[in-house]
Number of protein chains: 2
Amino acid sequence: MADRPLPDGALDLVATRFKIMSEPLRLRLLQLLQHGERSVGELTELCSTSQPNVSKHLKILQTGGLVTRQQKGNTVYYAIADQSIFTLCELVCSSIEERLKTQAQVFSTT
Amino acid sequence: MADRPLPDGALDLVATRFKIMSEPLRLRLLQLLQHGERSVGELTELCSTSQPNVSKHLKILQTGGLVTRQQKGNTVYYAIADQSIFTLCELVCSSIEERLKTQAQVFSTT
DNA sequence: GACAAATATAACTATGTCGGCATATACTGA
DNA sequence: TCAGTATATGCCGACATAGTTATATTTGTC
């Protein structure tokens, strides 16, 4: 609720965070990790895309601090690093839902 | 708090919203509109970029439903359509802040 | 050490996006 | 109607990004 404008350099940081979350596959990965860590192999199976592609996106998520990486023996497990991610998604979902409802009403002029 | 996963097609919609908010200039425009409508000319002056560029980004914001457009005579006023935008930004800011603090602690091993 | 499995990286292509410039459109007033 | 102002659009070049394929790297097993 603080009314301070975003600090000057902060705009870029915030934009970067949003950009990381602006790819459907990355959102899907986050969603798959929501209830616990998963290996790259598991994620690849669940995403119907190539393993290199999954690795690349996981790296982006990790670099952005959204996900943590832990190696156990031969396999690597990724996990959510920041639960606020899901709050963001819920907020956006609600906003979109409301907008679509409003748009829909335009057509139901009884 | 609902624990339902995002509906299937929703991922793309959410990603699209995040993508719209992933450009510094667009965030800047939203910030400038936070306390009331502004004309394209005003926004252009405050953004140190070209007027066509501002118009283009405003169109993207409008198409995404983040901003409304109202024409009064010769000038066009844009305004925030969805206040939840700022909640998103604050959440991201807090998250980044916390992460940076954590990273900073690594260096202060007294 | 040799092999197999899991993950990461590199090189490439195709597509998307930003910003600038020129220009078109819309409105106002004389 | 003509000039002037405000905004939008089209085109272009530079650059970033997603996905694929091939390959490298790491780890565990024999």
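Below, read A as the first sequence line, B as the second, and so on, with proteins coming before strands; counting in each chain starts at 1. Bear in mind the structure is a predicted one, so any value in this text is a computation, not a measurement. Computed over heavy atoms, backbone and side chain alike; hydrogens, waters and symmetry mates excluded.
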Counting primed atoms, P, OP1 and OP2 as sugar-phosphate and everything else as base, the B/S/- map of nucleotides 25-30 of chain C against protein heavy atoms under 4.0 Å is -BBS--
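You can see that DNA chain D meets the heavy atoms of chain A within a 4.0 Å-exclusive cut from D:dT17 to D:dG28, reading 5' to 3'.
Here B:Glu37 pairs with B:Lys72 under the salt bridge (charged side-chain N to carboxylate O under 4.0 Å, His left out) rule; sequence neighbours left out. Residues satisfying the ring pair (Phe, Tyr, Trp, His ring centres under 6.0 Å) criterion with B:Phe18, sequence neighbours excluded, are A:Phe18.
When hydrophobic clusters are built by joining Ile, Leu, Val, Met, Phe, Trp and Tyr residues whose side-chain heavy atoms come closer than 4.5 Å, directly or via intermediates, A:Ile96 is grouped together with B:Ile85.
A side-chain donor-acceptor contact under 3.5 Å links A:Arg26 to the backbone of A:Ile20. The closest donor-acceptor contact from the side chain of A:Arg38 to the backbone of A:Leu32 lies under 3.5 Å.
Side-chain contact, B:Glu98 with B:Ser94: no donor N or O sits under 3.5 Å from an acceptor N or O.
Within a heavy-atom distance below 4.0 Å of DNA chain C, the residues of residues 57-70 of chain A found are A:Lys59, A:Arg69. A heavy-atom distance below 4.0 Å to DNA chain C is reached by these residues of residues 38-48 of chain A, ordered by number: A:Ser39, A:Val40, A:Gly41.
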Chi angles and distances behind the side-chain contact (heavy atoms from CB on, under 4.5 Å) call for B:Thr75, B:Val40: CA-CA 8 Å; B:Thr75 82; B:Val40 176; over 6 Å; no
| query | Can you check side-chain contact (heavy atoms from CB on, under 4.5 Å) on A:Arg99 and B:Asp82, steps first, answer last? | reply | CA-CA 9 Å; A:Arg99 184 163 70 99; B:Asp82 183 344; over 6 Å; no
- Task: Go through the steps for A:Leu91 and B:Leu91 under the test side-chain contact (heavy atoms from CB on, under 4.5 Å), then give the verdict.
- Result: CA-CA 10 Å; A:Leu91 273 170; B:Leu91 273 171; 3.6 Å; yes
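Side-chain N/O atoms of B:Thr49 include one lying less than 4.0 angstrom from OP1 or OP2 on C:dG20. For the pair A:Tyr78 and C:dA8, the criterion of a side-chain N or O lying under 4.0 Å from OP1 or OP2 is met.
We find that NZ of B:Lys56 is positioned 12 Å from P of C:dC21, with the value rounded to whole Å. The CD atom of A:Glu23 sits 12 Å away from the C1' atom of C:dT17 (whole-angstrom rounding). Look at CD on A:Gln51: it is 11 Å from P on C:dT9, rounded to the nearest Å. A straight line from NZ of A:Lys19 to P of C:dT17 spans 11 Å, rounded to a whole angstrom. Rounded to an integer number of Å, the gap from CG of B:Leu29 to P of C:dG19 is 10 Å.
Shown here for B:Thr44 and B:Thr49, the closest heavy-atom pair between the two residues is CG2-O, 3.5 Å.
The 12-atom threshold is exceeded at CD of B:Gln71, counting heavy atoms of other residues, nucleotides or ligands nearer than 6.0 Å.
The residues A:Lys19 and B:Glu23 are annotated as salt-bridged, a charged nitrogen and a carboxylate oxygen being separated by less than 4.0 angstrom.
Rounded to the nearest 0.5 angstrom, A:Gln31 CD and A:Ile80 CD1 are separated by 10.0 Å.
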